Amino acid sequence: MIPWGETRLVQGNEAIALGALASEVRFFGGYPITPSTEVAEILARKLPEVDGVFIQMEDEIASISSVMGASLAGARAMTATSGPGFSLMQEGLGYGCLAEIPFVLVNVMRAGPSTGLPTQVSQGDVMQARWGTHGDHPVIALCPSSVRECFDMTIRAFNLSEEFRTPVLLLSDEVIGHMRERVTFPRREDVRILDRPIPQTPKEWYEHYHPTPSNVSPMASYGSGYRFHVTGLTHDRQGFPTRRIDEVVEKMARLKNKIVRRLDELIEVKTHNVEKSRVVIFAYGSVYRSALAAQVMLEKKHKKVGVFRPVTLWPFPDREVKELLDEKDVIIVPELNQGQLIHEVERLTSDCVRILPVQRVDGYAITPEQIVQAALEVM
Amino acid sequence: MAAILPYEYKYLRAKKKFPHVWCPGCGIGIVMGSIIRAVDSLGWNKNDVMLVSGIGCTSRMPVYLDFNTLHTMHGRALAFATGVKLANPELRVIAVMGDGDALAIGGNHIIHAARRNIDITSIIVNNFNYGMTGGQHSPTTPVNAITSTSPHGMIEPDFDTCALLSAAGASFVARATVYHVVEMDGLIRQALEKKGFSVVEALSPCPTNFGRANRLGDAVKMMEGLRDNSVTAVKASGMTPEELAGKIVRGVLSEREAPEYTELYRGLCARVQGARAEVAP
Ligand SMILES: Cc1ncc(C[n+]2csc(CCOP(=O)(O)OP(=O)(O)O)c2C)c(N)n1
Ligand code: SF4
Ligand SMILES: [Mg+2]
């Protein structure tokens, strides 16, 4: 089913489906929407071969809900969506974060707002991914820039979701999703698949949210003989609703700390010549590819620029941006939106650094030439 | 006050979660009792029972019961339950929902769960309004009834829940009232036993909101209303439409045999794997 170790021409969305199968996904609940549908279509074909469940639900709210039900019953579960579907999933995403349910949510970003440009690319959901749910809690979001990364990062998303007991977002975009590239798949033995921590305690002592040093509690599944309660109400260690201040504070702190205390495991950035350059391009997703091309084009004109790419978008790589970008003359921030991560870069750099936006919201990719032109204006 | 029988204790998170949140005179606890007795009469192991709910007074029920319990989002009980059931078909899945939960915000999910005929038992506690949020109108609020969001009288027609879900494809549809408790025990038991999507609509007083707004008297008066205004399906079959006007019909209202979804899905997996085995070298 997975072409381990082989070289193939693969589409980005297909690589996500293959990455999910490599991660032993056993439940997909989704609702068709361009440009993410291929993920569902491929899993509809493949999951029955491994006794996994594919179900097309009646809408995206049902999809994310079914995924959480399946995960609580012990299945590795995921959904994939785009644009309006991502909006519909927000309440469920918040539920998953609070109730600490592992699953992967793929959002192949398309241009909005509303139905927008359904077949065209955007990076308009980066802030929605961070702040789209009501309430207040951290999230994990990864952002691929190539087809091979779609495969690898889906596996990583599953691993993180199981290990951290939380939903993980994979923020792809239409260009990456529909692009085809030559991919050499890793060998089976080089890929690690992690499982959620399972309880060792006797059943009568089990607490679904037992405090641990890592802040991640071992997790039993429905039907395993461990009987427990799950609710979207703020709850105590056993999962029962509480309004006791000490218990509420403990819960909220745990949700935060399980992520912010393990940034080293979560944060990934890629840098190219950043240290040696006065001008740096900050780019992610499909735009990162244009940034790399722009870097080469500028080099031919004897202009040296660096490229900084956040691979983990959330939690944001604050420390890395501060350390590597704060002393620069210019940071060029090309984004397929009207300015989202640029504000994070601004927040982390001093006023002496000039921040130059290159933005596009017409549904087309940012070209290397656009970035080159912006760079030449300041160099 | 009815005595709590020892076997009921076996199913309650008695030490941890009581007192409960429900108002004096509320009917939801009676439905909970019926569920306990129905499960007990079937001899099911608590480990195999999965109780899922949405949000509302009714949906608070799972926290009190010592099953596998899942209190989800408003309207989404059946969507979560579908995932649980498909991931672990051995679980006996019950969804409890209010009328708003099941038929307004969750209306899309319930018709599709019925259409798929997935093996889940839905218990809808119909108290004709949104109890939890203070008595707003719901899809089952009768015409002319007063609620806090129909202060001049409800002008929208109400759903016939049982007819709706029967038409949508449910395998078993029944209506009960919390006055006719023994009957309700039996109907819930039948629904639990039925393979496929089964529904029991349990009519229940909300004296705090619906009762007060419509001057229906106290909880006892409202219970008497359920007694006096309802007839069994058997009796109803011999009555004229004129005689039946304004009457609540209780009992099994529809039943059919149809393939169940998780079994169909397993069949599909076997078919796909068989076909692959044939083409394999
Ligand atoms: C998405 C969402 N919208 C609205 C609410 C507020 N809300 C909570 S319970 C409820 C209605 C409950 O009525 P019903 O389902 O009939 O249950 P009852 O309380 O009557 O048992 C509403 C509107 C919510 N929790 N979530
Ligand atoms: S508000 Fe109505 S439905 Fe809710 S607990 Fe009180 S009586 Fe019952
Ligand atoms: Mg109600």
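Lettering follows sequence order; numbering is per chain, from 1. Predicted model, so just to flag it, every value in this text is computed and none were measured.
Across every non-hydrogen atom of B:Asn68 and A:Tyr226, the tightest pair is OD1-O, 3.6 Å. Residues A:Met57 and B:Arg116 come closest through the heavy atom pair CA-NH2, 3.7 Å. In terms of heavy atoms, B:Asn47 sits closest to A:Gly225 at OD1-O, 3.4 Å. Minimum interatomic distance between A:Ser65 and B:Ala79 (heavy atoms only, all atoms of both residues): CB-CB, 3.5 Å. Contact record, A:His229 with B:Thr69: ND1-OG1, 2.7 Å, taken as the closest heavy-atom pair. The nearest pair of heavy atoms linking A:Gly223 to B:Leu91 is CA-CD2, 3.7 Å.
With a 4.5 Å cut-off on non-hydrogen atoms, A:Val53 touches chain B through its backbone and its side chain both. The contact between A:Phe228 and chain B is made entirely by backbone atoms, counting heavy-atom distances below 4.5 Å. Neither the backbone nor the side chain of B:Arg266 comes within less than 4.5 Å of any heavy atom in chain A.
The stretch residues 104-113 of chain B places B:Asn108, B:His109, B:His112 near chain A, each with some heavy atom under 4.5 Å from a heavy atom of that chain. Proximity to chain A at a heavy-atom threshold of 4.5 Å picks out B:Arg60, B:Pro62, B:Val63, B:Asp66, B:Phe67 from residues 60-67 of chain B, in numerical order.
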Between B:Tyr265 and A:Ile55, does the side chain to side chain contact (heavy atoms under 4.5 Å, CB included) criterion hold? Intermediate values first, please.
CA-CA 10 Å; B:Tyr265 192 83; A:Ile55 184 166; over 6 Å; no
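Within 6.0 Å of NZ on B:Lys46 lie more than 12 heavy atoms contributed by other residues, nucleotides or ligands. Residue-environment remark: OH (A:Tyr209) exceeds the threshold of 12 foreign heavy atoms within 6.0 Å. Within a 6.0 Å sphere centred on CZ of A:Arg188, heavy atoms belonging to other residues, nucleotides or ligands number more than 12.
Rounded to the nearest 0.5 angstrom, A:Tyr222 OH and B:Lys85 NZ are separated by 15.5 Å. Distance check: A:Met68 CE to B:Arg76 CZ gives 10.5 Å after rounding to the nearest 0.5 Å. Within the model, atoms CG of A:Leu72 and CZ of B:Phe80 stand 7.5 Å from one another, a figure rounded to the nearest 0.5 Å. Distance check, rounded to the nearest 0.5 Å: CD of A:Glu58 to CG of B:Leu78 gives 9.0 Å. Between B:Met73 atom CE and A:Ile61 atom CD1 the span is 7.0 Å, to the nearest 0.5 Å. Separating the CZ atom in B:Arg13 from the CZ atom in A:Phe240 is a distance of 4.0 Å, to the nearest 0.5 Å.
In terms of non-hydrogen atom pairs under 4.5 Å with chain A, the most contact-rich of B:Arg115, B:Glu90, B:Lys17 is B:Lys17. Between chain B and the residues A:Ala99, A:Gly92, A:Pro48, the largest count of heavy-atom pairs under 4.5 Å involves A:Pro48. When B:Asn88, B:Leu86, B:Thr82 are compared by the number of non-hydrogen pairs under 4.5 Å with chain A, B:Leu86 comes out ahead. With chain B as partner, the option from A:Val50, A:Val67, A:Asp59 having the largest number of non-hydrogen pairs under 4.5 angstrom is A:Asp59.
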